[in-house]
J.: 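Here it is, the structure, as structure tokens.
Proteins come first, then strands; the chains are lettered A, B, ... in the order of their sequence lines, and each starts at number 1. Bear in mind the structure is a predicted one, so any value in this text is a computation, not a measurement.
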Amino acid sequence: MKIFRTHTCGQLRVEHVGQSISLNGWVNSYRDHGNLIFIDLRDRFGITQLVFDPEDGSQKHLMEVASKLRSEDVIGVTGKVRVRIGGENPKHATGKVELVVTDLEVLNKTENPPFLPDDYGQLPNEEIRLKYRYLDLRRPSMQKILGLRSRALQTIREYFVGNNGFLEIETPVLYKSTPEGAREFLVPCRNVPGQFYALPQSPQLFKQILMVANADRYIQVCRCFRDEDPRADRQPEFTQIDLEMSFVRRDHIVAMMEGFVRHFWKTMLNYDVPPIQRMSYREAMETYGIDRPDTRYGLHIKDISELAARTEFGVFKTALEKGKDRPPFNSKRGVVKAIRVPGGAEKLTRKITDGYSEFAKPFGVGGVATVKYINDPATGQAKFDTGCAKFLEPMKADFVAALGLEPGDTVLFVADAYGVATKAIGELRQKVARDMGVVPKPGAEGGPWNFLIVVDFPMFERNKESGKWVAMHHPFTAPRDDQAEAFINAAENDDDTIEAIVSAGYDIVLNGSEIAGGSVRIHDGRVQSKVFQLLGLSPEQAREKFSFLLEALSYGAPPHAGIAFGFDRLMMHICGTENIRDVIAFPKTQIGADLMTRAPSLVPEKQLKDLYIASTYVPEPPAPKA
RNA sequence: GGGGCGGUAGCUCAAUUGGUUAGAGUACCGGACUGUCGAUCCGGUGGUUGCGGGUUCGAGUCCCGUCCGCCUCGCCA
């Protein structure tokens, strides 16, 4: 390499005219007019037009080499900056000038690339993009995301470490297996045959121990691993902004996080986040049917159980019989829930509303009852029409009042036990919002960023399959201060009481997506024992799994609380993408494969032997010929 | 593990009910061209229709299996 750049491709302006300078970069495009050649040269900082022109001193051999240049060749050039003769190109910051090349060095000719890294037209399919990720990342839109992600990390450290006294501390990646929650990735240990490390699902236990160690305020940008099937917003390997604070109560840490969100959105997008509303878990479930409500649109859920009980509609009556003796809001008590859809009578066709039953069934309910409320041309009066109209018509005034109905509305009903009905109608609400086109796009189009802090989660819920109690957050989450005594005194089989115990946990929700979650931690031994007991862990088992934490907590643990942001999801919001793979440089596919490096892969037998590992996998024999 | 969508030239896509030699744009190769800027114009190369079976006179198209990618349910303390 002889030609080293003196400037970048994004740097040259009119003030550089007349200077002799050098650039390095990739050929972004070429326009060969025979005796006049233009090259757009690209590096990370911009694009600069190069000109090869014999009348301006380009030698014949230079023209020959230049005419062979193709997109994605890597070159160095030296020449003189001048004002463009052909007029300005407003697309580029360097568009007023061009570089008249007098010396050219081809640093690396490219093979014909499978696709060109531009943002014109259709992208190649994702399989190709992932296989040639280094080409995909050259695309301007991906370069922008890489830049935003880097800036975000800087902003996070600036706020927490720079402005608020947090200490950045790294925790181990080779970690003790604590098989609660998500499935773990295991790492065999060569030095201790037959034993394993696990990769951390999160550094939860270490960060609590760091509080005992007087870190006081800890932060880490931390890679976490969960061996569960990916989704559009989930990867097996992902990044958390992990935090923990000593000597705080819930409101302190929540305020600190609210400050962070404000600083982050201001710095990244120059957006002023208004004060963030708190909402209880119960209100979220009652009004939105989900613990991470999307408050960008209405379509609020109403409980109309009492009204429904007075109809003759069998679907309602059957549902309301369920769990009659349970307390209100108990997951097993029958309820009838409804959503009023303004303008739905016209937009939601029969075909669409029929589809809602199919949509809702997987969530455990029998179906979705519908009715239209429309003006009757015959009488000039509004009336219920289609669906379950005949059951509602006798009580029309009551329903209109309860739901605030106006002509042109459609009403959707779900009737079942509280738990399943709530979940089903919450999912339905989101689907209806999409069908009605009432979900605004945030950011550039002026749509809202709706933040919400959800509090007062239940401590426990019954696992549907095993029937065992599981911690809704994790086993170190404290009950809310006023709940501790009731919790300690509750009998293990007293479902109704235990279900009603509320934790000191909190989630931060943005536009219906959970971006952070955390809790005040238990530092009372009696409470911790009770949690383990409920989770079905004997004192011995608890000690075996968590002895180091329990021991640490016994040596003067400060009251502490923490939270973790899903950094990749945060970046999805900032970048305006629906796909988590877009904000990760080298993401994995749905089976956890890296299409570029072709991981996972087989390893030599010797390597397994050194680790005392034998595979039980037997490849299926090819199907016999029929 | 279940459900859905997809896989045709390097890339993006087309191909009538199962019917002639599987086409187009782009990239690439060759040629022309002195002011373009996603240059333009002319010509050309390029195909195991993911893979393996089956049905049929005949399969890109229908059937079975399988692999890969995406979406989703389960799962994600």
Side-chain angles (χ1 to χ4, degrees), chain A residues 28-40 47-56 58 63 67-68 70-72 84-92 94-95 98 110-132 135 178-184 201-202 204-205 224-236 238 358-359 361-364 423 427 459-461 463-465 468-477 505 514 517 519 531 535 537 545 566 578-579 581 588-591 593 595 598 620 622-626:
Chain A
N28 191 63
S29 61
Y30 61 94
R31 296 176 290 281
D32 186 347
H33 292 236
N35 224 8
L36 175 72
I37 299 169
F38 298 99
I39 302 280
D40 283 348
I47 286 179
T48 299
Q49 175 164 286
L50 314 178
V51 192
F52 296 81
D53 185 346
E55 288 182 9
D56 291 301
S58 296
M63 295 301 290
S67 73
K68 293 277 189 292
R70 292 296 176 266
S71 298
E72 304 312 309
R84 285 199 190 206
I85 292 173
E88 180 181 350
N89 183 348
K91 286 183 190 166
H92 302 132
T94 61
E98 61 190 8
T110 179
E111 293 291 320
N112 184 23
F115 60 92
L116 290 177
D118 59 44
D119 286 323
Y120 297 110
Q122 281 282 304
L123 285 178
N125 75 47
E126 200 157 359
E127 220 168 329
I128 300 288
R129 288 176 56 200
L130 291 175
K131 181 173 177 188
Y132 301 96
L135 293 180
T178 54
E180 303 289 313
R183 197 179 298 118
E184 298 174 318
Q201 303 170 35
S202 84
Q204 180 61 35
L205 303 181
C224 303
F225 306 86
R226 293 180 189 172
D227 189 6
E228 303 289 352
D229 290 350
R231 287 285 187 279
D233 63 351
R234 234 164 64 186
Q235 282 269 299
F238 63 101
E358 292 313 307
F359 174 82
K361 277 176 190 169
F363 302 107
K423 163 113 179 153
E427 296 290 336
M459 290 274 286
F460 302 95
E461 56 191 353
N463 180 286
K464 267 170 253 143
E465 275 169 37
K468 288 181 179 169
W469 287 115
V470 292
M472 200 151 174
H473 187 50
H474 58 59
F476 312 105
T477 300
E514 181 193 327
S519 63
V531 170
L535 297 180
L537 287 178
K545 281 183 180 175
E578 308 268 288
N579 174 346
R581 294 178 299 280
K588 294 183 170 57
T589 70
Q590 297 238 332
I591 58 168
L595 297 181
R598 294 200 209 148
E620 283 187 31
K625 287 188 180 179

J.: Can you check whether A:Arg70 reaches A:Tyr30 side chain to side chain, under 4.5 Å on heavy atoms?
T.: yes
J.: With a 3.5 angstrom cut-off on both distances, give the Watson-Crick or G-U wobble partner of B:G18, or none if there isn't one.
T.: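 Partner of B:G18: none.
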J.: Mind calculating the distance between CD1 (A:Ile39) and P (B:G38) to the nearest angstrom?
T.: 15 Å
J.: With a cut-off of less than 4.0 Å, is there a side-chain N or O of A:Gln204 near OP1 or OP2 of B:A77?
T.: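 Looking at the OP1 and OP2 atoms of B:A77, neither is under 4.0 Å from any side-chain N or O of A:Gln204.
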J.: Please identify each residue that fulfils salt bridge (charged side-chain N to carboxylate O under 4.0 Å, His left out) with A:Arg234, with sequence neighbours left out.
T.: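 Once residues adjacent in sequence are excluded, A:Arg234 has no partner under the salt bridge (charged side-chain N to carboxylate O under 4.0 Å, His left out) criterion.
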J.: Describe the nucleic acid contact of A:Ile128 in one word from base, sugar-phosphate, nothing, applying a heavy-atom distance below 4.0 Å.
T.: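 Sugar-phosphate contact only.
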J.: If the P atom of B:U48 is compared with that of B:C5, how far apart are they to the nearest Å?
T.: 28 Å
J.: Nearest heavy atom decides the nucleotide; on that basis, is A:Phe363 or A:His473 closer to the 5' end of RNA chain B?
T.: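 It is A:Phe363, whose closest nucleotide lies nearer the 5' terminus.
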J.: Please tell me if the side chains of A:Leu535 and A:Phe460 come closer than 4.5 Å, counting only heavy atoms from C-beta onward.
T.: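 When only atoms from C-beta onward are counted, A:Phe460 and A:Leu535 do touch, with a gap below 4.5 Å.
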J.: Can you tell me, in whole Å, how much space there is between the P of B:G47 and that of B:G23?
T.: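 My reading of the P atoms in B:G47 and B:G23 gives 13 Å.
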J.: CD of A:Glu127 versus C1' of B:G50: gap in Å, rounded?
T.: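 For the pair A:Glu127 CD and B:G50 C1', the rounded distance is 9 Å.
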J.: Taking the side chain as every heavy atom from C-beta outward, state whether A:Gln49 and A:Asn89 have any pair of such atoms under 4.5 Å apart.
T.: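 No. Closest side-chain heavy atoms not under 4.5 Å.
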J.: Rounded off to whole Å, could you give me the CG-to-P distance for the A:Asp119 and B:C11 pair?
T.: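 About 19 Å, once rounded to whole Å.
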J.: Send over the distance from A:Lys131 NZ to B:G50 P, rounded to a whole Å.
T.: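 Interatomic distance, NZ of A:Lys131 to P of B:G50: 16 Å.
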J.: Select from A:His92 and A:Thr589 the residue whose nearest nucleotide in RNA chain B is closer to the 5' end of that strand.
T.: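 Nearer the 5' end of the strand: A:His92.
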J.: Just call it for A:Glu126: base, sugar-phosphate, or nothing, with non-hydrogen atoms closer than 4.0 Å on any strand.
T.: sugar-phosphate
J.: Rounding to an integer number of angstrom, what distance separates B:C57 and B:C67 when you compare their C1' atoms?
T.: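 To the nearest whole Å, 32 Å.
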J.: Please measure how far the C1' atom in B:C13 lies from the corresponding atom in B:C75, and state the result in whole Å.
T.: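 Here B:C13 and B:C75 have their C1' atoms 37 Å from each other.
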J.: Could you tell me how far B:G25 sits from B:A15 if I compare only their C1' atoms? Round to whole Å.
T.: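 Here B:A15 and B:G25 have their C1' atoms 15 Å from each other.
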J.: Polar atoms only, N or O, under 3.5 Å: list the protein pairs with nucleotides 29-31 of chain B and their distances.
T.:
residue	atom	partner	partner atom	Å
B:C29	OP2	A:Arg70	NE	2.8

J.: Touch check for A:Glu72, heavy atoms < 4.0 angstrom, all strands: base, sugar-phosphate only, or nothing?
T.: nothing
J.: From the options B:A77, B:G35, B:A27, select the nucleotide whose nearest atom is closest to the side chain of A:Asn112.
T.: B:A27
J.: To the nearest angstrom, how far is A:Asn28 atom CG from B:A27 atom P?
T.: 13 Å
J.: For B:A32, which nucleotide in any strand shown is its Watson-Crick or wobble partner with both distances under 3.5 Å?
T.: B:U40
J.: What contact category does A:Pro362 fall into here, base, sugar-phosphate, or nothing, at under 4.0 angstrom with non-hydrogen atoms?
T.: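 Touches nothing.
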J.: So, using side chain to side chain donor-acceptor pair (under 3.5 Å) as the criterion, who are the partners of A:Thr94 when residues are at least two apart?
T.: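 Counting only residues at least two positions away or on another chain, A:Thr94 forms no side chain to side chain donor-acceptor pair (under 3.5 Å).
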J.: Does the structure show a Watson-Crick or G-U wobble partner for B:C75, both distances under 3.5 Å? Name it, or say none.
T.: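 Partner of B:C75: none found under 3.5 Å.
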J.: Between the main-chain N or O of A:Thr178 and the side-chain N or O of A:Glu184, is there a donor-acceptor pair closer than 3.5 Å?
T.: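 Present.
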J.: Taking atom C1' in both B:G60 and B:A9, what distance in whole Å separates the two?
T.: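 Per the computed distance, 14 Å lies between those C1' atoms.
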J.: What pairs of nitrogen or oxygen atoms, one from the protein and one from nucleotides 1-5 of chain B, lie under 3.5 Å apart?
T.:
residue	atom	partner	partner atom	Å
B:G1	O6	A:Asp229	OD2	3.3

J.: Please give the distance between the P atoms of B:G10 and B:C29 as a whole number of Å.
T.: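 Comparing P positions in B:G10 and B:C29 gives a spacing of 15 Å.
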J.: Over how many whole Å does the gap from A:Arg234 atom CZ to B:C71 atom P extend?
T.: 11 Å
J.: Can you tell which of B:A77, B:U12, B:G38 lies closest to the side chain of A:Pro475?
T.: B:A77
J.: Could you tell me whether the side chain of A:Arg183 has a donor or acceptor atom within less than 3.5 Å of a complementary atom in the base of B:C75?
T.: no
J.: Looking at B:U12, I'd like to know if its phosphate oxygens (OP1 or OP2) sit under 4.0 Å from a side-chain N or O belonging to A:Asn125.
T.: yes
J.: Does B:G6 have a Watson-Crick or wobble mate here (both distances under 3.5 Å), and if so which one?
T.: B:C68
J.: Check for a donor-acceptor pair, side chain of A:Arg84 on one end and backbone N or O of A:Gly95 on the other, with a separation under 3.5 Å.
T.: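 It does hold such a pair.
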J.: So what's B:A24 paired with, Watson-Crick or G-U wobble, going by both distances under 3.5 Å?
T.: B:U12
J.: Quick one: list whatever passes side chain to side chain donor-acceptor pair (under 3.5 Å) with A:Asp119, sequence neighbours left out.
T.: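 Per chain and number, A:Asp119 pairs via side chain to side chain donor-acceptor pair (under 3.5 Å) with A:Arg139, A:Ser141.
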J.: Determine the contact category for A:Leu535: base if any of its heavy atoms lies under 4.0 Å from a base atom, sugar-phosphate if only primed atoms, P, OP1 or OP2 are that close, otherwise nothing.
T.: nothing
J.: Do A:Val531 and A:Phe476 make a side-chain contact, defined as non-hydrogen atoms from C-beta onward lying under 4.5 Å apart?
T.: no
J.: To the nearest Å, give me how far apart CG (A:Leu116) and P (B:G10) are.
T.: 15 Å
J.: Could you pull out all residues at least two apart from A:Arg226 that satisfy salt bridge (charged side-chain N to carboxylate O under 4.0 Å, His left out)?
T.: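 Residues passing salt bridge (charged side-chain N to carboxylate O under 4.0 Å, His left out) with A:Arg226: none at all.
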J.: Hey, is A:Phe115 stacking on B:C11? Ring centres under 5.5 Å, planes under 30°.
T.: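 So no, this residue does not stack on that base, at least one cut-off failing.
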J.: According to salt bridge (charged side-chain N to carboxylate O under 4.0 Å, His left out), who are the partners of A:Asp233, at least two apart in sequence or on a separate chain?
T.: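 A:Asp233: salt bridge (charged side-chain N to carboxylate O under 4.0 Å, His left out) contacts with A:Arg569.
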J.: Could you tell me whether A:Ser202 contacts a base, only the sugar-phosphate backbone, or nothing, with contacts defined as non-hydrogen atoms closer than 4.0 Å?
T.: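 Base contact - A:Ser202 has a heavy atom under 4.0 Å of at least one base atom.
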J.: Who are the side chain to side chain donor-acceptor pair (under 3.5 Å) partners of A:Glu358, not counting sequence neighbours?
T.: A:Lys361
J.: Check this one for me: any side-chain N or O of A:Ser29 less than 4.0 Å away from OP1 or OP2 of B:A39?
T.: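 For A:Ser29, the contact criterion (side-chain N or O under 4.0 Å from OP1 or OP2 of B:A39) is met.
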J.: Quick one: label A:Arg581 by what it contacts on the DNA or RNA (base, sugar-phosphate, nothing), any heavy atom closer than 4.0 Å.
T.: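 Sugar-phosphate contact only - A:Arg581 comes under 4.0 Å of backbone atoms but never of a base.
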J.: So, using side chain to side chain donor-acceptor pair (under 3.5 Å) as the criterion, who are the partners of A:Ser29 when residues are at least two apart?
T.: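 For A:Ser29, the residues satisfying side chain to side chain donor-acceptor pair (under 3.5 Å) (neighbours in sequence not counted) are A:Arg31, A:Asp40.
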J.: Any side-chain N or O of A:Arg31 less than 4.0 Å from the OP1 or OP2 oxygen of B:U36?
T.: no
J.: Under 4.0 angstrom, heavy atoms only, what part of the nucleic acid is A:Gly87 near: base, sugar-phosphate, or nothing?
T.: base
J.: Within this structure, what is the CD-to-P distance between A:Glu184 and B:C75, rounded to whole angstrom?
T.: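 Going from A:Glu184 (CD) to B:C75 (P), I get 18 Å.
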J.: Say we look at B:A22 and B:A27: how far apart would their P atoms be, to the nearest angstrom?
T.: 25 Å
J.: Counting only side-chain nitrogens and oxygens, does A:Gln122 get under 4.0 Å of the OP1 or OP2 atom of B:C13?
T.: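 For B:C13, OP1/OP2 do have a side-chain N/O of A:Gln122 under 4.0 Å.
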J.: Just compare B:G35, B:G69, B:A77 and give me whichever is closest to any side-chain atom of A:Val470.
T.: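 Out of B:G35, B:G69, B:A77, the nucleotide with an atom closest to A:Val470's side chain is B:A77.
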J.: For a 4.5 angstrom cut-off between non-hydrogen side-chain atoms, does A:Pro236 reach A:Lys588?
T.: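 Yes; the side chains approach each other to less than 4.5 Å.
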J.: Using a heavy-atom cut-off of 4.0 Å across all strands, would you classify A:Asn89 as base, sugar-phosphate, or nothing?
T.: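 Answer is base: heavy atoms of A:Asn89 come under 4.0 Å of a base.
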J.: For A:Asp227, report the nucleic acid contact type (base, sugar-phosphate, nothing); a contact means any heavy atom under 4.0 Å.
T.: nothing
